[in-house]
K.L.:
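Structure in structure tokens, see below.
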Protein chains: 2
Amino acid sequence: MNASVNMPITRERIVNASWELLRECGIEQFTMRKLAKQLDIKAASLYWHFQSKQQIFQFLANEIAQKVVLSAQNEGDWKEQLYRFGNHFRNQLEKYPCSAHLMIQTVPSGAQYIDLINHMLKIVEPLPISDRRKFSSIACVLNFVLSFELDKYQQHKNDVAMKGVRQEIEPTVGNLPEPLRRMYLNGVFSDLGSDSMFQTGLKILIFGIEQLSMTEKET
Amino acid sequence: MNASVNMPITRERIVNASWELLRECGIEQFTMRKLAKQLDIKAASLYWHFQSKQQIFQFLANEIAQKVVLSAQNEGDWKEQLYRFGNHFRNQLEKYPCSAHLMIQTVPSGAQYIDLINHMLKIVEPLPISDRRKFSSIACVLNFVLSFELDKYQQHKNDVAMKGVRQEIEPTVGNLPEPLRRMYLNGVFSDLGSDSMFQTGLKILIFGIEQLSMTEKET
DNA sequence: ACCTGAACACCGTTCAAGT
DNA sequence: ACCTGAACACCGTTCAAGT
């Protein structure tokens, strides 16, 4: 598959091939044997460079975290920063296949992951709330962005699975309960992973964090 | 394993055994062969009752969704309702093993899942915002609760994996960056899946949704 | 109708052996 | 140091055959 015939196998080449394989097959079809084939070696050879499949995934997740932190920029007050960061984070996730899956499956022990958390903590640092609440706040944002991408991936998978099998879902529209039915007919579901939905969610979170700080101040 | 020697295999018995197996092994070790062994039958037999492992998972997820909707009660204004529902949802998820995993992996096509969405939509129905924003709002809440349980599960897995290997994490505390270091020393991480963290997250979301409605009204 | 034996086409991982 | 052959201990799923 790979053009390079005799280039030595490096960690970097394995990582590149992994991204390619993830893009082609998705994470559930990602296989050590397929990965090896892509590099024109045998599966067993991979274990000289990485001690397990899980470790490869960890490495990929760390790479994403690193990219996110490195290319992030902080300007403006905490609200602007958090808003910008949310969007930036999402943009980065979209560049890598299965990125959200990788980050969720991963134990957040890598240095890059820690940097990511810390970067977010610094944004909410000036807020007049307890450390616990700061942490809760950024956990919300992090989980929101990740699960947003996760949902989009799931939905895309459903879409390709349902290809042409629309007749199985169409008849059920009739007995959808209200208000779901109305929303479905208004096409609310067609923009399930859309940008506007993301912006709304992020807005909710930032509004909420702001409000949390304000009520805290009073007490 | 099961006491019943000659009871016929029913869908219900398979489902019960599945819950048991999930509780014992977790979702990643859930195996058709193990499930069969628990019922004193062969793996192949399961395929007469369910067409695939995925379908069993779907069924379990639907069962959770159903329980959540059925035992939910709506009192008070939308804020109270949403707050109560968030807690109720989480309580139900905690009763079932791997519940969040099941619900995330699942395609939200089952009637029970639809009822769940619809139940939440009804709560935010009186809000003066567009349908799209209503949908975004409840998606946020849903994802929050699910990813909260997901994180807790992950963290628990890490804990048992790290059992007695503390010395590998302890030395790194020294070079944790600020403000993460301070928070770690203050024990913020010890209550990672705690109730107070959940309440804070939920509060943020509800505050945020409220704020969203207020700014919408102005325009 | 319901269950099983036996197989198929895979997995991740290990390890002695090769170069 | 780096790679492979061959195996181990599994998977989910199918299907002819049994009762």
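These numbers were taken from a predicted model, which means no experiment stands behind them.
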K.L.:
What's the closest nucleotide to the B:Ile9 side chain, out of C:dG12, C:dT14, C:dC3?
P.N.:
C:dC3

K.L.:
Is the gap between the ring centers of A:His101 and A:Phe57 under 6.0 Å?
P.N.:
no

K.L.:
Taking for each residue the nucleotide of DNA chain D with the nearest heavy atom, is it A:Trp48 or A:Arg33 whose nucleotide lies nearer the 5' end?
P.N.:
A:Trp48

K.L.:
Separation of A:Asp40 atom CG from D:dC2 atom P, in whole Å?
P.N.:
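Going from A:Asp40 (CG) to D:dC2 (P), I get 19 Å.
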
K.L.:
Between the side chains of A:Tyr113 and A:Gln66, is a donor N or O closer than 3.5 angstrom to an acceptor N or O?
P.N.:
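Looking only at side-chain atoms, A:Gln66 and A:Tyr113 do not form any donor-acceptor pair under 3.5 Å.
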
K.L.:
Can you see if the side chain of B:Lys42 gets near the phosphate of C:dC3 - specifically, an N or O under 4.0 Å from OP1 or OP2?
P.N.:
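No, no such contact exists.
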
K.L.:
When the ring centroid of A:Phe50 is compared with that of A:Phe59, is the distance short of 6.0 Å?
P.N.:
yes

K.L.:
Sticking with atom P, work out how far D:dA9 lies from C:dA9, rounded to a whole angstrom.
P.N.:
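The answer is 22 Å between these two P atoms.
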
K.L.:
Using atom CG of B:Leu21 as one end and atom C1' of D:dC11 as the other, report the distance to the nearest whole Å.
P.N.:
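Roughly 14 Å, once rounded to whole Å.
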
K.L.:
Report the distance from atom CZ of B:Phe50 to atom C1' of D:dT14, rounded to the nearest whole Å.
P.N.:
19 Å

K.L.:
Could you state the CG-P distance from A:Leu35 to C:dC11, rounded to the nearest angstrom?
P.N.:
12 Å

K.L.:
Expressed in angstrom and rounded to an integer, what is the separation of B:Leu46 atom CG from D:dG12 atom P?
P.N.:
10 Å

K.L.:
Send over the distance from A:Gln29 CD to C:dC10 P, rounded to a whole Å.
P.N.:
11 Å

K.L.:
Between B:Tyr47 (OH) and C:dC3 (C1'), how many Å, whole number?
P.N.:
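From B:Tyr47 OH to C:dC3 C1': 15 Å.
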
K.L.:
Partner of C:dT19 by Watson-Crick or G-U wobble geometry, both contacts under 3.5 Å, or none?
P.N.:
D:dA1

K.L.:
Which nucleotide, in any strand shown, forms a Watson-Crick or G-U wobble pair with D:dA9, with both distances under 3.5 Å?
P.N.:
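Looking at the geometry, D:dA9 pairs with no nucleotide.
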
K.L.:
Could you verify whether a donor N or O on one side chain and an acceptor N or O on the other, from A:Gln199 and A:Asn87, lie under 3.5 Å apart?
P.N.:
yes

K.L.:
Find the distance B:Ile41:CD1 to C:dC2:P and express it as a whole number of Å.
P.N.:
12 Å

K.L.:
Hey, is the side chain of A:His49 poking within less than 4.0 Å of OP1 or OP2 on D:dC3, counting only N and O atoms?
P.N.:
yes

K.L.:
Have a look at B:Phe30 and say if it touches a base, only the backbone sugar-phosphate, or nothing, with a 4.0 Å heavy-atom cut-off.
P.N.:
sugar-phosphate

K.L.:
Does C:dC2 have OP1 or OP2 sitting under 4.0 Å from an N or O in the side chain of B:Ser45?
P.N.:
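No.
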
K.L.:
Between C:dT13, D:dC11, C:dT4, which nucleotide has the shortest distance from any of its atoms to the side chain of B:Thr31?
P.N.:
D:dC11

K.L.:
Taking atom types as modelled and ignoring hydrogens, do the side chains of A:Asp151 and B:Asn143 form a donor-acceptor contact shorter than 3.5 angstrom?
P.N.:
yes

